Chemist: 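Just passing along the structure, written as structure tokens.
Here the structure is a predicted model, which means the values were calculated and not measured. Quick note on labels: first sequence line is chain A, next is B, and so on, each numbered from 1.
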Number of protein chains: 2
Amino acid sequence: MTVTLADVAARAQVSPATVSRVLNGNYPVAASTRERVLRAVDELDYVLNGPASALAAATSDLVGILVNDIADPFFGIMASAIQSEIGGPGGRAGGERLAVVCNTGGSPERELTYLTLLQRQRAAAVVLTGGAMENAPHAAAVASKLRKLADAGTRVVLCGRPPASDTGAIALTFDNRGGGRELTEHLIGLGHRRLGYIAGPEERTTTRHRLEGHRAALEAHGIEEDPRWTVYGRYDRQSGYEATLELLRRDPSLTAVVAANDSVALGACAALRDSGLRIPEDVSVAGFDDLPFSIDAVPALTTVRLPLSEAGARAGRIAMGREEPPPGGIATIRGELMVRGSSGGPRE
Amino acid sequence: MTVTLADVAARAQVSPATVSRVLNGNYPVAASTRERVLRAVDELDYVLNGPASALAAATSDLVGILVNDIADPFFGIMASAIQSEIGGPGGRAGGERLAVVCNTGGSPERELTYLTLLQRQRAAAVVLTGGAMENAPHAAAVASKLRKLADAGTRVVLCGRPPASDTGAIALTFDNRGGGRELTEHLIGLGHRRLGYIAGPEERTTTRHRLEGHRAALEAHGIEEDPRWTVYGRYDRQSGYEATLELLRRDPSLTAVVAANDSVALGACAALRDSGLRIPEDVSVAGFDDLPFSIDAVPALTTVRLPLSEAGARAGRIAMGREEPPPGGIATIRGELMVRGSSGGPRE
DNA sequence: AGCGTCACAGCAAGCGCTTTCTATGCGATA
DNA sequence: TATCGCATAGAAAGCGCTTGCTGTGACGCT
């Protein structure tokens with residue numbers, strides 16, 4: 001049988017209550033007693049029973065982090081930053097919390113199921129990262145779930161995700177629209193007039209916002225967009241590769257390709273090269289996010305840097321109640337245009 | 001107050017026991033009764049209390065995944081694969097399990113603390129990924145912890161980590177030594193005789209094994225290694241950049257640089273280019289792991305592909321008891337040499 | 001000396017669920 | 001028709017911990 005609190009109490013010749021108090025350090029215990037208890041704990045190799053303590057105390061030390069794709073550094077970086085603030089072992093004082101990274105794979109159902117699972121575990125906080133699905137019924141379901149979580153005392157923070165009104169959730173949102181617009185304006189400024197756009201999956205807020213920014217820039221400069229210039233895909237390299245070939249097929253006269261994110265942009269570069277086109281002499285390419293590898297592309301990728309680490313850290317702190325939420329519960333985080341070698345003036 | 005099992009029972013006019021049985025589906029319940037209960041659950045919006053049920057049933061649906069750096073795709077990819085097999089929502093039948101990804105940051109203490117936390121939560125299984133620290137006392141502490149976990153019924157699986165003898169842990173190990181050797185032999189075969197090596201952090205099994213493979217290749221071909229040719233660093237791009245400059249300073253006549261992993265290799269490429277050297281005409285570069293972005297480097301990176309996804313999936317299945325452990329509890333997974341553009345014959 | 005005040009420590013009542021054991025009603029069997 | 005077995009449902013005893021409340025000496029106060 002495993003060792004219980006009572007065993008430790010017996011060995012230390014005190015009551016279970018005292019052992020509990022020593023372990024939680026939230027009640028005065030004489031130094032000599034404490035020491036005796038600690039020794040017993042050590043000798044018996046006692047490990048607290050988490051579920052039992054969570055049940056009795058009606059609190060848990062679990063913090064949920066929902067990501068769309070943990071294999072994507074975009075989420076990995078945010079998750080890492082959040083977790084480092086959550087505490088976990090090595091964190092600052094206070095209870096040690098267990099960060100639970102949940103991989104939804106971009107599926108609405110899994111997102112919902114994970115939220116229920118976290119609710120079931122009475123999680124102390126939940127951080128949702130990245131874009132949300134725009135499917136209406138699902139959005140409503142998520143919103144209602146978030147509200148319930150918040151009502152139950154779970155702190156809910158959205159990081160890099162648009163605000164969910166009326167849910168009591170704090171939102172740190174990326175200005176995807178602004179970034180997208182700035183990026184395209186940079187290209188237009190270089191003289192481009194025929195721009196392809198490789199979007200992410202439809203029905204994702206991130207996808208829509210970036211695309212809206214792109215179109216706003218076109219419109220602001222009186223460029224009429226050709227519907228053939230937009231292709232939807234996934235947020236990965238292969239999708240960028242295929243979409244670029246498709247774009248080239250539809251209109252070989254394009255002089256620039258704007259991608260939904262950096263991975264897609266890398267795929268685009270590969271496709272262009274394989275098609276015998278030079279970057280940026282023949283076609284300029286731009287990405288989004290500025291992930292670590294983007295600077296290593298050749299030529300280095302022009303992109304919009306999102307402060308993933310900083311945003312994640314802040315979300316983590318807010319989730320832990322260690323930082324004031326922004327006024328109104330909403331903060332918009334802007335990206336920064338990084339002009340690098342992959343963008344240049346259009347060919348003749 | 002939150003809704004409890006008893007509330008549901010009252011509403012459905014049955015005993016709490018029956019509700020529990022309906023929810024767990026592990027005991028015959030008349031269809032009509034079941035339906036009544038389910039309706040009550042729905043109407044009351046009832047959510048099971050995880051800790052309470054874990055306490056009573058003495059089991060938990062948590063599965064821990066320990067990674068050194070979640071922001072690194074190497075771990076992200078494995079974690080993703082493991083998690084997809086763990087089930088979680090969307091997984092196949094059986095209890096829904098919550099995968100807990102724990103980021104140790106490569107710190108021995110955090111690793112240990114996380115293991116204790118998981119032990120406290122009575123985790124159903126634990127998967128440790130990536131190389132282990134070679135610090136003797138720490139290794140012993142981890143081993144003893146793993147043994148205790150195993151004794152307590154937690155399934156322990158090592159993925160991409162050397163076997164921990166006498167702990168009852170199943171190990172899926174990468175053949176880092178073999179891969180390192182093959183890689184260097186490829187370079188030697190091309191004619192290189194002066195090879196720099198950028199290693200990872202010292203006291204890591206992965207670092208040591210890859211380096212040993214490299215040295216074995218040199219020795220097998222009668223090349224005497226110059227101590228100046230090895231530099232230790234971290235497993236990231238920046239480290240690769242700096243180490244390469246250092247290598248170049250120490251011996252400008254090197255014709256090839258072998259890096260501890262792909263990120264490091266990318267940093268090395270950048271440093272070489274910034275130093276005015278062409279790849280592979282002036283210096284060949286090789287990485288390890290074959291992460292998705294490695295093929296996008298220009299020239300594409302010669303490296304050793306590790307089947308991260310497959311290994312992770314297998315580890316996940318074993319952790320869930322859905323696949324037989326390998327005979328002896330140990331399986332070695334070989335990497336595959338990927339020869340690409342970044343390696344070529346040495347310059348004059 | 002008498003009494004209020006502390007600083008500790010223990011008692012015992014749960015926290016919300018699972019599960020063993022014990023009814024109970026019914027059709028099947030002899 | 002009496003008996004047995006089966007399919008269901010309930011009663012109740014925990015699971016291992018936390019915590020409000022209740023002692024109980026030792027001290028300091030008037």
Side-chain angles (χ1 to χ4, degrees), chain A residues 1-38 40-41 44-62 95-96 117 119-124 152-153, chain B residues 1-38 40-41 44-62 95-96 117 119-124 152-153:
Chain A
M1 205 39 219
T2 59
V3 185
T4 72
L5 234 211
D7 298 332
V8 176
R11 170 138 199 156
Q13 317 226 54
V14 297
S15 73
T18 301
V19 177
S20 169
R21 285 165 180 148
V22 168
L23 259 26
N24 290 297
N26 53 8
Y27 195 86
V29 173
S32 63
T33 313
R34 180 199 327 285
E35 197 178 325
R36 204 143 30 89
V37 170
L38 257 18
V41 165
L44 295 178
D45 227 353
Y46 170 68
V47 176
L48 193 65
N49 182 315
S53 119
L55 172 58
T59 64
S60 134
D61 48 7
L62 249 48
E96 279 164 348
L117 239 37
Q119 182 183 10
R120 178 175 299 182
Q121 298 298 334
R122 307 298 190 251
Chain B
M1 204 41 218
T2 57
V3 184
T4 71
L5 235 211
D7 299 331
V8 176
R11 170 137 200 160
Q13 318 228 56
V14 296
S15 73
T18 302
V19 178
S20 169
R21 285 164 181 151
V22 169
L23 262 25
N24 290 297
N26 53 8
Y27 195 87
V29 173
S32 64
T33 312
R34 181 202 326 285
E35 197 178 326
R36 203 143 30 89
V37 170
L38 256 18
V41 165
L44 294 178
D45 228 353
Y46 170 70
V47 176
L48 192 65
N49 182 315
S53 116
L55 172 57
T59 63
S60 136
D61 49 7
L62 250 47
E96 278 163 349
L117 238 38
Q119 181 182 10
R120 179 175 299 181
Q121 299 298 333
R122 307 299 190 251

Chemist: Relative to the 5' end of DNA chain C, which residue comes earlier, A:P16 or B:L5, by the nucleotide with the nearest heavy atom?
Modeler: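 First, find each residue's nearest nucleotide; the 5'-ward one identifies A:P16.
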Chemist: Given D:dA9, D:dT18, C:dC17, which nucleotide is nearest the side-chain atoms of B:L48?
Modeler: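 So the nucleotide nearest the side chain must be C:dC17.
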Chemist: Start at the 5' end of DNA chain D and walk down; is the nucleotide closest to B:T33 or to B:L55 reached first?
Modeler: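 Here B:T33 is the residue nearer the 5' end.
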Chemist: Under 4.0 Å, heavy atoms only, any strand: does A:A58 hit a base, just the sugar-phosphate, or nothing?
Modeler: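 Nothing, no heavy atom under 4.0 Å.
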Chemist: In whole Å, what is the span from the CD atom of B:Q121 to the C1' atom of D:dG16?
Modeler: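 The answer, rounded to whole Å, is 13 Å.
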Chemist: Evaluate side chain to side chain contact (heavy atoms under 4.5 Å, CB included) for B:T4 paired with B:N49, printing each intermediate quantity in order.
Modeler: CA-CA 8 Å; B:T4 71; B:N49 182 315; over 6 Å; no
Chemist: For B:V47 and A:R122, which heavy atoms make the closest approach, and how far apart are they?
Modeler: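 Closest pair (atom of B:V47, atom of A:R122, distance): O-NH2, 3.6 Å.
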Chemist: Find the distance B:R122:CZ to C:dT18:P and express it as a whole number of Å.
Modeler: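 Answer to the nearest Å: 18 Å.
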Chemist: Does B:A52 or B:V14 map to a spot on DNA chain D nearer the 5' end, using the closest nucleotide for each?
Modeler: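 Counting from the 5' end, the first nearest nucleotide belongs to B:V14.
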Chemist: Atom CZ of A:R120 to atom C1' of C:dC17: distance rounded to whole Å?
Modeler: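 Result: 12 Å.
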Chemist: Using the rule side-chain contact (heavy atoms from CB on, under 4.5 Å), only one of B:L23, B:T2, B:V37, B:D7 pairs with B:Y46; which is it?
Modeler: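 Per the side-chain contact (heavy atoms from CB on, under 4.5 Å) rule, the option paired with B:Y46 is B:L23, out of B:L23, B:T2, B:V37, B:D7.
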Chemist: Roughly how many Å is it from CG in B:N26 to P in D:dA9, rounded to a whole number?
Modeler: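 Taking CG of B:N26 and P of D:dA9, I get 14 Å after rounding.
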Chemist: Identify which nucleotide among C:dT18, C:dG10, C:dC8 has an atom closest to any side-chain atom of A:T18, counting heavy atoms from C-beta outward.
Modeler: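 Given the options C:dT18, C:dG10, C:dC8, the side chain of A:T18 is closest to C:dG10.
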Chemist: Given C:dT19, D:dT19, C:dC8, identify the nucleotide with an atom nearest to the side chain of A:P28.
Modeler: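 Minimum distance to the A:P28 side chain belongs to C:dC8.
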Chemist: Quick one: does B:V19's side chain get under 4.5 Å of B:V14's, heavy atoms only?
Modeler: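 Yes, side chains in contact.
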Chemist: Rounded off to whole Å, could you give me the CD-to-P distance for the B:Q13 and D:dA9 pair?
Modeler: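 Nearest whole value for this atom pair: 13 Å.
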Chemist: Between atom CG in A:D7 and atom P in D:dC15, what is the gap in whole Å?
Modeler: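 My rounded result for the distance is 12 Å.
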Chemist: With distance as the sole test, does A:R34 use its side chain to make a donor-acceptor pair with the main-chain N or O of A:V22 at under 3.5 Å?
Modeler: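 Side chain of A:R34 to backbone of A:V22, a donor-acceptor pair under 3.5 Å: no, none is there.
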Chemist: Is the shortest side-chain N/O distance from B:N24 to OP1 or OP2 of C:dT18 below 4.0 Å?
Modeler: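 Looking at the OP1 and OP2 atoms of C:dT18, one of them is under 4.0 Å from a side-chain N or O of B:N24.
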Chemist: Would you say B:S53 places a side-chain N or O within less than 4.0 Å of OP1 or OP2 belonging to C:dC17?
Modeler: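 Indeed not, no polar side-chain atom of B:S53 lies that close.
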Chemist: Counting only distance, no hydrogens or angles, is the base of D:dG10 paired donor-acceptor with the side chain of B:R21 under 3.5 Å?
Modeler: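 Such a pair is found, so the answer is yes.
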Chemist: Check whether any side-chain nitrogen or oxygen of B:S15 sits under 4.0 Å from OP1 or OP2 of D:dA11, and answer yes or no.
Modeler: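 False: B:S15 side-chain N/O out of range (4.0 Å or more) of D:dA11 OP1/OP2.
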Chemist: Taking only N and O in the side chain of B:T4, is any of them less than 4.0 Å away from OP1 or OP2 of C:dG16?
Modeler: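 Answer no for this pair, as no side-chain N or O of B:T4 is under 4.0 Å from OP1 or OP2.
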Chemist: Tell whether B:Y27 reaches the base of D:dA7 with its side chain through a donor-acceptor pair below 3.5 angstrom.
Modeler: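 No such pair is found, so the answer is no.
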Chemist: Specify the separation, in whole Å, of atom CG of A:N49 and atom P of C:dC17.
Modeler: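 In whole Å, C:dC17 P and A:N49 CG are 17 Å from each other.
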